[in-house]
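Here's the structure, in structure tokens; my notes come after.
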Amino acid sequence: MAWLWPLCVLFPAFMLSVTANTPPRFASNMTSVSLPEDLPVGDTVFWLVATDSDNDPLTYGISGPYAYFFSVNSSTGEVKLASPLDFETLRSFKITISVNDNHNPATKELPVIVEDRNDNVPVFQGSEFSANISETLPVGSVVFSVVAKDEDSGTGGIVRYFIEKVIPSTDDSKNLFRILDNGVIVLNGSLNYNSKSAFYQLQLKACDSGGMLNGEPKTQCSQPVFLSISVLDEPDLDPQFVREFYSASVAEDAVLGTSVLKVEAVDGDKGINDIVTYNITNSTRSGWFSIGEDGVIEVSGPLDREQLLNENEEVQIQVTATEKNLNIYEQEASVSIWVTIRVTDVNDHKPEFYNCSLPDCSFSPQEAQVNFVGYVDEHTSARIPIDDLTMVAYDPDQGDSGTFLLSVEGEDAEAFSVSPERAAGSVSVQVVVRNSALVDYEKKIEMKVQVVATDSVSNNSSVATVTIHLRDINDHRPTFSQNLYELTVPEHSPTGYVVTSSIKATDPDMGEWGRITYSLLAGNGDDLFEVDPNSGNVTVKNGTGLDREKQAVYYLTLQATDGGNQSGTTTLQITLLDINDNTPVVRGSYNVFVPEGDSDVSVTIQAYDDDQPDTNNSRLLFSLLPGPYSQNFSIDSDTGVLRNLEPLDREDIDPALEGQIVLTVRVADCGKPPRSTDVNVTITVEDINDNPPIFNQSSYEFFVKERDPGEFVGTVKACDADQTQANNRISFSLSGTGVSNFIVRGNVLAQGCAEGSIWLLPDVSLDYEAQKFFNLKVSAENPGPQNFNSTANVMVTVVDVNDEPPTLVTASLQAISVAENGSQYGQVAQVKAQDVDTAALLSIELVDVLCTKDNVDVGSVCHGWFSVDSNGSVYVNQSEAIDYEACHLVTLVVRAHDLTTDSGFEAYSSNGTLLINIEDKNDNAPYFLPDHQTFVIIPELVLPSQTVAYVQARDEDSQDNKIIEFSIPSADFVSKNGATSPVQVFRITRSVEADLYTGNIQLVTNLDSTLQGTYQVTVQAEDKPVVGPALKAQTTLNLFTVDQSYRVRLQFSTNKDEVGAHVEEIKAALVQATRTTVYVVTIQNIDSVTRAQVQSYLDAYFVFSNGTALTLNELNMMIRRDQDSLTQLLEQGLVVVSSQESQESDQPKLLTSVIIGLGVAMVLVLVILITALLCVRKSYQRKLQAMKAGKEARKTPIEAMTSSAANIPGTNMFNTERANPMLDLPTKDLGLEYLSSGDLDNVSLNSLDKNAVDLDTDSKEIKRKPLPHNSPEPDPEPLSAVLSGRPVSTGRQQKRDLSFTNPGLDTVDL
């Protein structure tokens, strides 16, 4: 603190100097400057104008980062442009203008606004200007987009686009494209690769909308660019044949594979040139020709010119050319053409015969014939042609090749000849009679000749066989082989019955003359028989009239007549045969009465038959038809005697029949088919009392409850087989031990049966404990002289009363386990119960269901999971609903119910419990717990292995299924400009506490503290099940980084130990003021001697919960707003808040406090001193100036004194060269740069501008800029240095390159 005492001594003088001179002031209109960017360098841009109330000489200056744009005349304040302006680079900036009256400098920030001028031309973006478009592109489609940028603003930056030229330049392409205002080029017309150009080149130009430049309107245009547009051919055209017509000729004997001609087609789309394939799609002669892939048409089948005579000997072939690929419409692209091929003739045919008549013959090869038929009457005259013969000979060859000879061959060739014998092309052929004597029907009815046609050139021939049928004449009458035919026919034969079909008449004549017609001449029986006129079959005409018993023989005359009406006859003898047409007749009726027992039955059946005696038709046979009792009887088949085989028993007969047996006897003859008559024989068997009563059971067992008097015991039943009421009556009686307790009541039933109901006496009840069983005997008696009876045993069991409750079997209530989530189905347990009562009927009932989780009741969540059947079976009812996470233990409360327990007794058992433990399955994926905390990383504060963030996760499964492992699948750094890059700087560790898994994200390496952005870390939680696939979940954390630019330094007047001891109080005050989290980086001492008041500093970051941090200015504002926090911080010794990079060079805050204190203490002294100083100040200055002028005069060379310029020593006037009047040197050579405007940069009107915290905001101080590091020791007083170091000049041309600096007060100032 000792250095402060000299200041206290100098302070009064300093105060006098300051208060004695007022600083200059800039003109009030110097608030901002607007300059056009096209202003030429060297032009005057504005003037610095200031006023000084003291009229001191003023020196102007400009400083700041952008001072290089200007040069200033320090004396006049004229400012010229030193460096060109550019609106696009820097639209506005601030400069610091200064004025100095050599006592008090004044500075001011002057905003400079750069006005835009249209000095930039539009520039097309990108380097490649080419596009490929389809020829089918619709009109109005976008072809290409160009962008040109103009850095100017306003209309000078609005770009317009133009198409200057289209190459090729045709009327069609002139307006084919147009460009929109946004640079989009669209198609304005249709394209065609084949008929129009396949390539276009567009010359594009971009111009702005005009603006001012150098004071004149100016429109700027870009250099032209060329857009190359290639039109892509699309498959939209069909192929085309290179020729319009194809024709060729080929000999009809050409071998297979012979090339005829080649067709060629090309793809209509020249830019695609697709492969073209060929095929024949139509032809007038299918199969004759084929075409290959190369378009060559070849012979593929035998050729025949003669088949083309009606087609001008030409074959028309339709060839279709098809492109390999489909066109743009997904259809085949094809074209067809007709090809004409003429087939030339060769002698390849022989003459052939056809069955047709000229000129209607088609002469197709398929119609050629080798067999012909004709007719002729026998002995026809010579030269007469045979009838019905249509024969044509034909040779399709031309000229001599088509001429042929005709002749006749064969065994009958002597009888016939052919006409004509020579012909060409086609001719009708006639076969004529040559020798009529040989044409004899009696010798041959059919004759054959071979007509031969021989080719006159090749001698090839064809032969046709002509079959000639001879027609006969009528020269014979019909004859029968016999004069008498003996025939038989059954009587009553049906109409149409064939009597004979073998009687035929013969006639050698043929045809109509040999056709025979049969008929019956009138006579006996002609109304009963008829003959077929064509076949001669004799049939029955009226079968009902044929009765042997009326007439046995008939005689008929059969006549045969031919087509010439000649006839012959024969006699038919027809004898009727007997048939079985009469049914046997039974005489009388048959009813027999016999008593049951040993009586015999003998009945003779009498019958007769009217058919022919001594034949099978009249022979009778007797038989007994099957019936209910026919097996007990027999009948003699010949005599008809009916007898019984064994004694008859009335009881064996159905009672409903009342003893009657009806037998059916059939009387049949032996004819074919046999005829029969049935007759009933009724035998009545009379009843006698010959059967005792019989019980339906040999013994009976009945159950009776104890203590119930008059209880019904049971029913016995007995039957008597006798069928009459007099013989089957039954009465019952009881006997045996204890019979006095019972009574039996009889009741008659139908069909000889009766029942006896056994009861306890009304006043008698049984006692189970006294007697459990009663053995009785019941008797059934049949009244009558026979005295028939029978007995049966009766066991009466006394039934105990059900008076004991059931009990549950403990072993069946053992706890079980069931897995969750549909893992188990069906029965899982069996609850059992028991009852000591003999008649117990037990049912298991579900009383209640308890759901617990970790021994805590969870309500009814599990009520539907299980069901209990009445037999005790426990089933899984809702397997999919079972959830371990909802319920760990299901308790089924059950009981047993005896459904047969007598009233008045307990029917239910005590309640039992069946525990069902729910087994966990890995059905729950891990999930992250929501945490709204924001994680912030300050790279310079965190170290490797330090936790920078964490996540927490749970898994609702149990045991091993809930174990969670953490991993980091990916981590990216997202910078503030949006760029993303992967990083590998994090790892994750796991910790567990009470099933809560925590994943701590730690650093692997140090982070770059200069990076600005966010780390996005993806964390994955995955469980580790023993069985089944693992389940996983992911979450992404944002770790915000706070870079070094947000590091703030707080300077304290106490040392670091004291600051460290109160760091928590300091942080609390800062948190209160800023509402941020304070991260302390370091606390260090300051060793600089210039920091007399500051002893230590604390570097820290102030971070909000959203990851943003406070800047230095924001922190200052918040601290100043919170007076309480500011007071606390000042109490802790806070002096300055600054950034880390700032280098403090201002006077300590303590100096200001001392000066203020001294000023207050010495206010009275100052008033006296100021008055004295004002009186002597002007006199002192004049003396000092005179002293300096004298020194200068003594040292100044003679030539300097003779200068023509006006030098006025002791004044502030300058010579015409603007040199200092004292030394006649330019200002820059006097080392007075410390008075330039650059020295005023550190002056501030408010101490907060330098980040110093002042209690008195009105106090001001002047900061001195520290000396540069390379500056030498302080220079001596400038005037002394100049005078002592300046030699006597020998001429005015001596160089003056001296310069000095003045870091402190000197004698000139004093």
Table please: side-chain donor-acceptor pairs of residues 909-921 below 3.5 Å, with sequence neighbours left out.
unit_1, atom_1, unit_2, atom_2, d
S909, OG, A896, N, 2.7
D920, OD2, S958, N, 2.3
D920, OD2, S958, OG, 3.0

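- Note that CG of D610 is 6.0 Å distant from OH of Y608, once rounded to the nearest 0.5 Å.
- Rounding to the nearest 0.5 Å places CZ of R675 at 8.5 Å from CD1 of I579.
- Applying side chain to side chain donor-acceptor pair (under 3.5 Å) to K962 and the options D995, D955, D1023 leaves one that passes, D995.
- With sequence neighbours excluded, no residue forms a ring pair (Phe, Tyr, Trp, His ring centres under 6.0 Å) with Y927.
- No side-chain heavy atom of V685 sits less than 4.5 Å from a side-chain heavy atom of D649.
- In this structure, OH on Y700 lies 9.5 Å from OG1 on T715, to the nearest 0.5 angstrom.
- The closest donor-acceptor contact from the side chain of T677 to the backbone of P584 lies under 3.5 Å.
- Closest approach of F712 to S757, counting heavy atoms only: CE1-CB, 4.0 Å.
- Using modelled atom types, one finds no donor on one side chain facing an acceptor on the other under 3.5 Å when comparing R666 with S623.
- Scanning all heavy atoms of the two residues, the minimum distance from Q1020 to F928 falls at C-CZ, 4.3 Å.
- Between I635 and the choices I605, V603, V641, the side chain to side chain contact (heavy atoms under 4.5 Å, CB included) rule is met once, by I605.
- Within a 6.0 Å sphere centred on NZ of K853, other residues, nucleotides and ligands contribute more than 12 heavy atoms.
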Stepwise side-chain contact (heavy atoms from CB on, under 4.5 Å) test for T998 and E993: CA-CA 8 Å; T998 302; E993 182 177 354; over 6 Å; no
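- The shortest distance between side-chain heavy atoms of L625 and S630 does not fall below 4.5 Å.
- Going from atom CD of Q834 over to atom CG of L808 covers 9.0 Å, rounded to the nearest 0.5 Å.
- Counting only heavy atoms from C-beta outward, the side chains of I683 and Y629 never approach each other to under 4.5 Å.
- Open room surrounds CZ on R619; 12 or fewer heavy atoms of other groups in view lie less than 6.0 Å from it.
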Stepwise side-chain hydrogen bond (donor to acceptor under 3.5 Å, both in side chains) check, N924 with D957: CA-CA 6 Å; N924 288 279; D957 294 319; 3.0 Å; yes
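- Shown here for N617 and K672, the closest heavy-atom pair between the two residues is OD1-N, 4.1 Å.
- Looking only at side-chain heavy atoms (C-beta outward), Y590 and Q606 come within less than 4.5 Å of each other.
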Criterion side-chain contact (heavy atoms from CB on, under 4.5 Å) on N644 and D600, from CA distance to verdict: CA-CA 6 Å; N644 62 317; D600 293 331; 4.0 Å; yes
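- Taking CG of N782 as the reference point, atom CD1 of I730 lies at 7.0 Å (rounded to 0.5 Å).
- Residues T852 and D857 have side chains that never bring a donor and an acceptor to within less than 3.5 angstrom of each other.
- Nearest approach of L645 to S634, heavy atoms of both residues: CD2-OG, 3.5 Å.
- The backbone N or O of L841 lies less than 3.5 Å from a partner atom in the side chain of T900, making a donor-acceptor pair.
- The shortest side-chain heavy-atom distance between D720 and N691 falls under the 4.5 Å cut-off.
- For the residue pair D611 / N582, a side-chain donor-acceptor distance below 3.5 Å is found, with atom types taken as modelled.
- Scanning both residues, V665 and L624, for their nearest heavy atoms gives CG2-CD1, 3.9 Å.
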Candidate pair N775 and M795, rule side-chain contact (heavy atoms from CB on, under 4.5 Å), full reasoning: CA-CA 5 Å; N775 291 316; M795 171 69 72; 2.7 Å; yes
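- Annotation: salt bridge (charged side-chain N to carboxylate O under 4.0 Å, His left out) contacts involving residues 886-898, sequence neighbours excluded, comprise E845-R895.
- Shown here for A819 and Q824, the closest heavy-atom pair between the two residues is N-OE1, 2.9 Å.
- For the two cysteine residues C887 and C862, the thiol sulfurs sit 2.5 Å or further apart.
- At least one donor-acceptor pair closer than 3.5 Å links the side chain of S812 to the backbone N or O of K832.
- Taking the side chain as every heavy atom from C-beta outward, F742 and V794 never approach each other to under 4.5 Å.
- At a threshold of 4.5 Å between non-hydrogen side-chain atoms, the residues F966 and N1000 do not count as touching.
- With Q827 contributing its side chain and S873 its backbone, the two residues share no donor-acceptor pair below 3.5 Å.
- Using cut-offs of 30° and 60° on the angle between ring planes, the pair Y908 and H897 is parallel.
- Taking 4.5 Å as the limit, some side-chain heavy atom of F866 sits within range of a side-chain heavy atom of V876.
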Candidate pair V849 and L892, rule side-chain contact (heavy atoms from CB on, under 4.5 Å), full reasoning: CA-CA 5 Å; V849 179; L892 302 182; 3.9 Å; yes
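- Atoms CG and CD, on D869 and Q830 in that order, are 8.5 Å from each other to the nearest 0.5 Å.
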